[in-house]
Protein chains: 2
Amino acid sequence: MINLLKNKKISKTPFRKEVLAIFNKYNNAIPLSVVEKELKAFNRITLYRTIKVFLEKGIIHEITINGEVSNYAICKEECDTLGHHHQHIHFKCTSCGIIFCVEVDKFPTIILPKYKINQLEIQAIGLCQNCNL
Amino acid sequence: MINLLKNKKISKTPFRKEVLAIFNKYNNAIPLSVVEKELKAFNRITLYRTIKVFLEKGIIHEITINGEVSNYAICKEECDTLGHHHQHIHFKCTSCGIIFCVEVDKFPTIILPKYKINQLEIQAIGLCQNCNL
DNA sequence: TTTAAAATGCAACAATGTTGCAAATAATTT
DNA sequence: AAATTATTTGCAACATTGTTGCATTTTAAA
């Protein structure tokens with residue numbers, strides 16, 4: 001939805017609408033290089049700033065696995081300026097390289113005595129449905 | 001142990017010994033900036049190459065949380081050229097910023113039908129023992 | 001429609017990471 | 001222990017990635 005921009009109280013510009021449409025088009029997470037290629041009128045600086053705003057507003061979230069180049073995906077849950085609230089894991093296929101979010105029935109809990117855990121980031125690496133045939 | 005370099009079959013040089021000693025000195029993960037400051041004779045290029053070799057040989061592992069600058073820590077388990085085999089989680093304290101590895105009693109398992117999960121990376125974000133007092 | 005606020009894009013810069021190659025050092029062989 | 005081979009180091013140069021100030025343009029609000 002393009003109204004997302006209105007809901008998040010950020011200016012609705014052609015550039016942002018285009019970037020948002022690209023993220024919506026993909027069902028998986030994508031790196032900036034893919035966004036670049038999809039953009040009709042691409043500008044590095046504006047893209048960096050757009051990504052930063054989208055991250056801050058909880059429109060997209062960043063996925064970085066083992067220090068590799070970051071991928072970005074639309075937030076499905078109610079994320080906002082105050083933080084991201086995801087209950088999904090990130091899966092990376094070592095065969096086709098795809099990265100995406102997966103909902104799991106029972107999201108793990110970890111208890112560390114004397115610590116306070118506010119957020120759990122879980123990344124699974126393996127073979128996706130297609131590559132595991 | 002400095003013999004680690006011999007065991008991993010890589011040349012034992014003063015630079016590598018120094019970098020290894022720095023990692024051993026810290027009980028937590030550290031970014032390259034800290035390694036730099038600790039090094040007597042620092043050279044950016046050699047450091048990058050040393051880190052790369054240490055990663056490949058399974059001497060250290062990389063921790064990247066939410067696209068922030070990577071931190072590095074000694075591998076405690078049997079990691080080698082064929083891969084890293086960790087059964088610990090990575091904890092980041094939002095108060096003091098420290099990042100370190102934590103052993104957990106029961107490392108979570110995630111089952112995704114039709115997928116094959118080879119590795120699970122778990123990052124917990126919250127307050128560490130000191131900051132949670 | 002006018003005004004105020006915000007976004008864009010250029011130029012310039014800063015930080016991070018890489019590569020070829022010659023010199024230096026470490027490991028191996030004799 | 002000395003000579004040979006293999007590897008590492010560090011310089012120069014470059015490539016990539018990300019940031020900032022500022023004037024112009026565009027969006028949102030009055």
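Lettering of chains follows the sequences in order, A, B, ..., and the numbering in each one begins at 1. As a basis for the values below, the full set of heavy atoms in this structure was taken, side chains included, without hydrogen atoms, waters or symmetry mates.
In this entry the distance linking CZ of Phe54(A) with P of dA7(C) reads 11 Å, nearest Å. Between Lys9(B) atom NZ and dT7(D) atom P there is a gap of 14 Å when expressed in whole angstrom units. Atom CG in Leu32(B) sits roughly 14 Å away from atom C1' in dT18(C) (whole-Å rounding). Between the CD atom of Glu18(A) and the P atom of dT8(C) there is a distance of 11 Å, rounded to whole Å. Taking atom OH on Tyr48(A) and atom C1' on dT8(C), their separation rounds to 17 Å, with Å as the unit. As rounded to whole Å, 14 Å separates atom P of dC11(D) from atom CG of Leu47(B). Nucleotide dT19(D) holds its P atom 11 Å from the CG atom of Leu55(A), rounded to whole Å. Rounded to whole angstrom, the span from the CD atom of Glu56(B) across to the P atom of dT8(D) amounts to 11 Å.
Counting only residues at least two apart or in different chains, ring-ring contact (aromatic ring centres under 6.0 Å, His included) contacts with residues 90-120 of chain A comprise His61(A)-His90(A), His88(A)-His90(A), Phe91(A)-Phe100(A), Phe91(A)-Tyr115(B), Tyr115(A)-Phe91(B). For residues 22-32 of chain B, the salt bridge (charged side-chain N to carboxylate O under 4.0 Å, His left out) pairs, not counting sequence neighbours, are Lys25(B)-Glu38(B). Under the salt bridge (charged side-chain N to carboxylate O under 4.0 Å, His left out) criterion, no residue pair touches residues 110-130 of chain A, with sequence neighbours excluded. Within the structure, ring-ring contact (aromatic ring centres under 6.0 Å, His included) pairs that include any residue of residues 7-26 of chain B do not occur (at least two apart or interchain).
Legend: residues meeting side chain to side chain contact (heavy atoms under 4.5 Å, CB included) with Phe42(A), ordered by chain and number and at least two apart, are Glu36(A), Leu39(A), Arg44(A), Leu47(A). Thr50(B) is linked by a side-chain hydrogen bond (donor to acceptor under 3.5 Å, both in side chains) to nothing, counting only residues two or more places apart in sequence or in another chain. Remark: Lys40(A) engages Glu18(A) in a salt bridge (Lys or Arg N to Asp or Glu O under 4.0 Å) (not counting sequence neighbours). Partners of Glu68(B) according to the salt bridge (Lys or Arg N to Asp or Glu O under 4.0 Å) rule, which considers only residues two or more places apart in sequence or in another chain, are Lys92(B).
Side-chain nitrogen and oxygen atoms of Lys52(B) include at least one within less than 4.0 Å of the OP1 or OP2 phosphate oxygen of dT18(C).
In this structure, the side chain of Thr13(B) engages the main chain of Arg16(B) through a donor-acceptor pair within 3.5 Å.
Rounded to 10°, the helix from dT1(C)-dA30(D) to dT30(C)-dA1(D) has 40° between the axis fitted to its first five pairs and the one fitted to its last five.
The hydrophobic cluster containing Ile99(B) also includes Ile63(B), Ile65(B), Ile125(B), under a criterion of side-chain heavy atoms closer than 4.5 Å among ILVMFWY residues, counted directly or through chains of members.
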Between the protein and nucleotides 9-15 of chain C, list the N/O to N/O atom pairs that are separated by less than 3.5 angstrom.
{"from": "dG9(C)", "atom 1": "OP2", "to": "Thr46(A)", "atom 2": "OG1", "distance (Å)": "2.9"}
{"from": "dG9(C)", "atom 1": "N7", "to": "Arg49(A)", "atom 2": "NH2", "distance (Å)": "2.7"}
{"from": "dG9(C)", "atom 1": "O6", "to": "Arg49(A)", "atom 2": "NH2", "distance (Å)": "2.7"}
{"from": "dC10(C)", "atom 1": "OP2", "to": "Asn43(A)", "atom 2": "ND2", "distance (Å)": "3.4"}

At a cut-off of 3.5 Å, list every protein nitrogen or oxygen paired with a nitrogen or oxygen from nucleotides 26-29 of chain C, distance to 0.1 Å.
{"from": "dA27(C)", "atom 1": "OP1", "to": "Lys12(B)", "atom 2": "N", "distance (Å)": "2.9"}

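Side-chain contact between Leu32(A) and Asn71(A): absent, with no pair of heavy atoms (C-beta onward) separated by less than 4.5 Å.
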